[in-house]
K.L.:
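Next up is a structure, given as C-alpha cells.
Convention: sequence-line order gives letters A, B, ...; per-chain numbering from 1.
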Protein chains: 2
Amino acid sequence: MQTSSGPAARRTAYERLRDLVLTDPAIQGTFLTEGDLVKRFGLSRTPIREALIMLASDGLVDLIPHRGAYIRPSDDREIRETMEVRQMIELDTARQILDSGETPVAVMDDLYRQQVELPVSPDTIPDFISLDQRFHASMVDAAGNRVLSDIYTRLRVKHVRFGISATWTSADRPTQVLDEHSRILEALKSGDYDATAAAIREHIAQTQNLLLSR
Amino acid sequence: MQTSSGPAARRTAYERLRDLVLTDPAIQGTFLTEGDLVKRFGLSRTPIREALIMLASDGLVDLIPHRGAYIRPSDDREIRETMEVRQMIELDTARQILDSGETPVAVMDDLYRQQVELPVSPDTIPDFISLDQRFHASMVDAAGNRVLSDIYTRLRVKHVRFGISATWTSADRPTQVLDEHSRILEALKSGDYDATAAAIREHIAQTQNLLLSR
DNA sequence: CTAAGGTGGGTTGTATGCAAACTTCGTCAG
DNA sequence: CTGACGAAGTTTGCATACAACCCACCTTAG
C-alpha cells in the first residue's frame with residue numbers, strides 16, 4: 001500500500017481513485033481511461049497516470065496498454081487465498097507475541113473497548129470497520145516486524161475491495177465480531193496459543209464465509 | 001514486484017533502475033535525481049519518473065520531494081525481519097504441501113539437479129543465484145496460492161538488495177547450499193514436516209548469518 | 001454471405017515547457 | 001563564532017502537445 005504523503009495532486013488522485021475502486025461496485029469489470037478521470041477529478045493526466053501506476057502496484061487495477069485501467073472484479077479464489085495468507089500472518093504473530101512473554105495487548109484492549117461502546121447503526125459502520133482494521137493491525141504491529149506489518153496492510157486493502165463493508169450490514173454481525181475479538185483478546189491474555197489460534201481461525205472463517213456468500 | 005510487461009521506455013527505465021539499485025553498492029545511501037537518470041539512460045523524464053514511482057512501490061527507493069530518490073541502505077534489522085517473514089512463508093508452504101498429500105516436488109527436483117550439475121566458478125554465480133531463487137519460488141508456488149507467491153516474489157527482490165550475491169563468493173557456499181537444498185527436498189519427499197521445517201530453518205539461518213556478517 | 005484489408009477514432013506513451021517548492025550557500029548582524 | 005536571513009540554483013510537480021499504437025468498424029473482393 002502506498003503512503004499518503006507526497007505531492008498534492010498526485011495524492012488526491014491516488015486517494016480518490018483508490019476510494020473509487022474500493023467502494024463503487026459498479027465499476028468492477030470496467031475500464032477506466034485517463035480521459036474519464038481527468039474529467040471526473042479535474043486534474044491533468046500526469047498526476048492521474050502516476051496514481052494509476054501506484055494503484056497497479058497495489059494490485060487494485062490492471063494497466064492494459066492503449067485500453068485503460070481494468071478494474072478486475074474480485075473472485076472467490078482471490079478471497080480464499082487472501083484469507084489464507086491473512087490467517088498465516090495472524091497465527092504467526094500470535095505465536096511470536098506469546099513466545100515473547102510480554103503480550104502487549106494494551107492497544108488492542110483500548111480499540112476493543114472503543115468498539116464495544118460504539119452504538120450499532122448504519123452510520124457507525126465505517127467506524128466499526130476502521131476499529132476492526134486497527135484492532136488486527138495493532139496485533140500484527142505488536143510483533144515488531146515492519147516488513148510483516150507492511151505486507152499485512154496491503155492485504156487489508158484487498159478486504160475492502162472484496163466488499164467487507166457489506167458484511168457489517170447484517171444486524172448481528174457487529175455483536176458477533178465483538179464476541180470473536182473478545183475471545184482472541186482473552187486467549188492472548190491467558191497465554192494459551194491453541195486457544196488464540198482457534199479464536200483467530202474462527203474469526204477469519206466467519207469473515208470469509210460472509211465475503212464468499214455475497 | 002512489478003511485472004515486466006508494458007511500454008518499452010518505462011520498462012527499460014524500470015529494469016535498468018532496478019538493476020542499478022540492486023547491484024551497485026556505491027549508490028546506497030545516495031540520492032538519484034531525475035536529471036541524473038535522464039543523462040544516464042538517454043530517456044526523457046516521463047518514463048523515468050514513472051519507473052521511480054514503481055520502484056518506490058517495491059520499497060527499493062524512497063521518493064523525497066525536491067531531493068530525489070533516496071537509495072536507502074539495507075540495515076540488519078530489515079534483513080532479520082525479511083528473513084523472519086521468509087521463514088514464516090516457507091514453513092507454512094511446507095505444511096500445506098505435506099498436508100495436501102501430493103508433495104509435488106518435480107520442479108524443485110529438476111532445479112536442484114541443474115544446480116548440482118553447474119560447475120563452481122565465479123562465472124556461474126548468477127546461474128546459482130537464479131536457480132536458488134527458482135528453487136524456493138517453486139516450492140511456494142506449489143502451495144497454489146497466487147497472493148502468497150506474489151508476496152514471496154517481492155521479498156526475494158530484497159535479498160538482492162541485501163547483497164545476496166556476495167554470500168555466494170565463498171568457495172564452499174555453493175556446496176553447502178546444495179546440501180541444504182538436498183535436505184529440504186528429502187524431508188519433503190519423506191513427508192516429515194518436522195524434518196522439513198528444521199531443514200528450512202537451518203538454510204535460512206545460514207543465509208541470514210552470511211548476510212549479516214558482510 | 002464471409003473474410004480480408006484499410007481507415008478513423010480513441011487511448012496511452014513520450015517529450016518538453018513552465019511553475020512551484022525546496023535546498024544550499026553566502027552574507028550579515030549579533 | 002553562531003544563527004538568521006535572503007537569493008540563486010536545483011529539483012520535482014503539473015500541464016500539455018504530439019507521436020505511436022490498438023481496436024472497432026466499414027468497405028470491398030471473393
K.L.:
Let's go through B/T207 and B/N209 carefully: what are the C-alpha distance in whole Å and the side-chain angles of both, what is the deciding distance for side-chain hydrogen bond (donor to acceptor under 3.5 Å, both in side chains) to 0.1 Å, and is it a yes or a no?
P.N.:
CA-CA 5 Å; B/T207 303; B/N209 283 339; over 6 Å; no
K.L.:
Has the side chain of A/R45 got a donor or acceptor atom sitting under 3.5 Å from an opposite partner on the base of C/dG13?
P.N.:
yes
K.L.:
Between C/dT12, D/dT11, D/dC14, which nucleotide has the shortest distance from any of its atoms to the side chain of B/T33?
P.N.:
D/dT11
K.L.:
Find the distance A/I48:CD1 to C/dG13:C1' and express it as a whole number of Å.
P.N.:
16 Å
K.L.:
Indicate, with a heavy-atom threshold strictly under 4.0 Å, whether A/T46 touches base, sugar-phosphate, or nothing.
P.N.:
base
K.L.:
A/H66 side chain: which of D/dC22, D/dC14, D/dT11 is closest?
P.N.:
D/dC22
K.L.:
Out of B/M139, B/R134, B/H136, which one pairs with B/M108 under the side chain to side chain contact (heavy atoms under 4.5 Å, CB included) rule?
P.N.:
B/M139
K.L.:
When the distance from CZ of B/R10 to C1' of C/dT12 is rounded to whole Å, what number comes out?
P.N.:
9 Å
K.L.:
When the nearest nucleotide of DNA chain D is assigned to A/R67 and to A/G42 on a heavy-atom basis, which residue is associated with the more 5' position?
P.N.:
A/G42
K.L.:
Check the distance between C/dG13's C1' and B/Y14's OH and give it to me in whole angstrom.
P.N.:
19 Å
K.L.:
Do the ring planes of B/Y112 and B/F135 sit parallel (below 30°), tilted (30 to 60°) or perpendicular (above 60°)?
P.N.:
tilted
K.L.:
If you check the B/E50 side chain, which of D/dT11, C/dT14, D/dC14 turns out closest?
P.N.:
C/dT14
K.L.:
Rounded to whole Å, please give me the gap between CD in A/E34 and P in D/dC21.
P.N.:
17 Å
K.L.:
Can you check the A/L52 CG to C/dT14 P distance for me, whole Å?
P.N.:
15 Å
K.L.:
Quickly work out the A/I64 CD1 to D/dC21 C1' distance and round it to whole Å.
P.N.:
15 Å
K.L.:
Can B/E180 and B/Q206 be counted as having a side-chain donor-acceptor contact under 3.5 angstrom?
P.N.:
no
K.L.:
From CG of A/D36 over to P of C/dT11, roughly how many Å is that when rounded to an integer?
P.N.:
7 Å
K.L.:
For the residue pair A/Y70 and A/F31, does the interplanar ring angle fall in the parallel (under 30°), tilted (30 to 60°) or perpendicular (over 60°) class?
P.N.:
tilted
K.L.:
What's the CZ-C1' distance between B/R49 and C/dT16, to the nearest Å?
P.N.:
13 Å
